[in-house]
Chemist: 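Here's a structure for you.
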Amino acid sequence: MGVRVVRQGYVYTIERLGKYTLAAHPGLHVIILFVDRVGQKVNVMEQVLDIPGQEIITKDNAMVGVDAVVFFQVLDAGKAAYEVHNLYASIMALTTTNLRTVMGSMDLDETLSKRDEINARLLSVVDHATSPWGVKITRVEIKDIRPPQDISNAMARQMKAEREKRAEILEAEASRASAILRAEGEKQSQILSAEGRREAAFRDAEAREREAEAEARATNMVSQAIAESGSQAINYFIAQKYTDAVGKFATSPNAKTILFPVEATQLIGTLGGIGELAKEALNGNPPAPPAPPAPPAAPRRSTSTVPRTPGGNI
């Protein structure tokens with residue numbers, strides 16, 4: 001009876017003649033029989049205290065249900081045993097009262113969104129109140145906040161409306177961006193098309209200018225040749241054009257028989273003479289005097305069949 005063993009995690013209070021004398025820590029202790037006795041066995045491990053659900057009215061008159069838990073540890077077994085009666089009930093009552101005070105000063109939205117702030121305020125208040133009892137409040141946590149059903153439904157509708165609003169805003173922004181990009185694309189397309197038409201017109205004008213310059217140079221050369229050679233150059237050009245025209249008749253796929261007037265056949269016969277004139281002009285020999293013109297014959301038409309060679313020449 002005079003030997004006591006204190007388990008780990010506990011501290012026994014020793015009373016001598018009914019008065020607290022010392023705290024027996026874990027280990028073996030000897031007490032005086034009939035004088036000393038073990039008063040209370042205090043648990044000095046960190047403990048959790050479940051705060052039952054409370055109905056709290058917030059600042060905006062909303063009724064909410066709140067559950068909380070408190071973590072605490074006894075630091076002074078003597079104070080915890082003799083400074084307060086029923087330590088657990090005292091901590092529970094103190095936490096419940098301050099919980100109502102803290103959450104009653106906040107709106108419903110704040111109670112739902114500021115749990116960390118509520119926990120910090122509760123921890124500060126409850127720890128300060130329990131320090132004379134030799135107790136350290138290590139943590140206070142809000143487990144659950146239950147708003148009324150009608151408020152929950154309203155919050156659900158509000159959340160749905162907010163999400164629909166954000167979805168419509170995003171769709172509108174997407175449509176706006178798409179329209180801007182489409183307009184930019186059409187603008188660039190029109191600009192490029194206009195530049196292409198401008199470049200094409202410039203090229204066409206340049207081509208026509210070059211063609212006009214070539215025609216002018218050719219005309220100038222022909223004029224110079226006529227001025228230098230007289231009628232021989234004119235006859236040469238006329239014979240060349242006539243020969244080209246007859247060659248086109250011969251190369252026609254549907255031409256089997258070609259009809260020439262009498263004057264045309266006479267002109268074909270004179271092509272050799274024109275060739276001789278051209279040779280003499282090129283060699284620098286004076287041309288022979290032209291033959292007197294033949295008397296005009298009676299108008300008649302002759303039919304000449306011009307054979308076609310595989311190459312299309314007459």
Side-chain angles (χ1 to χ4, degrees), residues 109 113 153-261 263-268 270-272 274-275 277-279 281-282 301 303-314:
D109 293 339
S113 60
N153 295 335
M155 292 172 61
R157 292 195 301 270
Q158 179 183 3
M159 180 184 65
K160 182 179 179 182
E162 184 68 23
R163 292 185 179 275
E164 291 178 353
K165 173 185 174 182
R166 285 187 289 177
E168 292 177 358
I169 290 174
L170 290 176
E171 290 178 358
E173 290 179 352
S175 300
R176 175 174 173 271
S178 176
I180 291 175
L181 291 177
R182 191 179 297 109
E184 288 290 339
E186 293 177 357
K187 174 183 175 182
Q188 293 295 330
S189 176
Q190 293 176 1
I191 291 174
L192 292 176
S193 178
E195 291 180 353
R197 291 194 300 271
R198 172 188 173 189
E199 185 69 19
F202 177 77
R203 297 295 183 184
D204 291 341
E206 186 177 3
R208 289 194 299 270
E209 182 180 356
R210 297 291 178 83
E211 185 178 358
E213 291 177 355
E215 188 69 23
R217 287 196 298 269
T219 304
N220 189 18
M221 294 177 65
V222 170
S223 299
Q224 291 178 0
I226 292 174
E228 294 175 358
S229 302
S231 61
Q232 294 180 358
I234 297 176
N235 293 334
Y236 173 76
F237 286 119
I238 293 174
Q240 184 179 12
K241 295 295 183 181
Y242 190 85
T243 304
D244 293 339
V246 173
K248 291 180 180 179
F249 281 134
T251 57
S252 176
N254 297 325
K256 302 301 182 181
T257 302
I258 302 175
L259 300 178
F260 288 93
E263 292 80 2
T265 57
Q266 292 178 357
L267 183 59
I268 292 173
T270 61
L271 290 178
I274 294 174
L277 292 175
K279 290 180 181 179
L282 294 175
R301 300 183 68 84
T303 302
S304 299
T305 302
V306 180
R308 299 180 60 190
T309 62
N313 299 320
I314 301 175

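The first residue of the sequence shown is numbered 1, and numbering continues consecutively from there.
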Chemist: How long is the straight-line distance from CD of Glu199 back to CG of Asp204, given to the nearest 0.5 Å?
Modeler: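 Asp204 CG to Glu199 CD: 10.0 Å, rounded to 0.5 Å.
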
Chemist: With a 4.5 Å cut-off on side-chain heavy atoms, are Lys160 and Arg157 touching?
Modeler: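 Not in contact.
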
Chemist: To the nearest 0.5 Å, what is the distance between CD (Glu164) and CE (Met159)?
Modeler: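 Atom-to-atom, Glu164:CD and Met159:CE are 10.5 Å apart.
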
Chemist: Does Arg182 have any side-chain hydrogen bond (donor to acceptor under 3.5 Å, both in side chains) partners at least two apart in sequence or in another chain, and if so, which?
Modeler: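 Arg182 satisfies side-chain hydrogen bond (donor to acceptor under 3.5 Å, both in side chains) with Ser178 once adjacent residues are dropped.
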
Chemist: By side-chain hydrogen bond (donor to acceptor under 3.5 Å, both in side chains), which residues pair with Asp109, not counting sequence neighbours?
Modeler: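 Per chain and number, Asp109 pairs via side-chain hydrogen bond (donor to acceptor under 3.5 Å, both in side chains) with no residue.
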
Chemist: Should we count CD of Glu211 as having more than 12 external heavy atoms under 6.0 Å?
Modeler: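 Result for CD/Glu211: open.
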
Chemist: So, does Ser175 use its side chain to make a donor-acceptor pair with the main chain of Glu171 at under 3.5 Å?
Modeler: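 Flag set: sc Ser175 to bb Glu171 pair under 3.5 Å.
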
Chemist: Please determine whether salt bridge (charged side-chain N to carboxylate O under 4.0 Å, His left out) holds for the pair Arg203 and Glu206, giving the CA-CA distance in whole Å, both sets of side-chain angles, and the decisive distance to 0.1 Å.
Modeler: CA-CA 5 Å; Arg203 297 295 183 184; Glu206 186 177 3; 3.8 Å; yes

Chemist: Hey, what do you get for CD (Gln158) to CG (Asn153), rounding to the nearest 0.5 Å?
Modeler: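 Going from CD on Gln158 over to CG on Asn153, the span is 12.5 Å.
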
Chemist: Please report the interatomic distance CZ(Arg166) to CZ(Arg163), rounded to the nearest 0.5 Å.
Modeler: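 Answer for the CZ-CZ pair, Arg166 versus Arg163, is 5.0 Å.
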
Chemist: Atom CZ in Arg210, atom CZ in Arg208: separation rounded to 0.5 Å?
Modeler: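 Reported to 0.5 Å precision, the distance equals 13.5 Å.
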
Chemist: Nearest 0.5 Å, what's the CG-CD distance between Asn220 and Glu215?
Modeler: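 It is 11.5 Å, given to the nearest 0.5 Å.
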
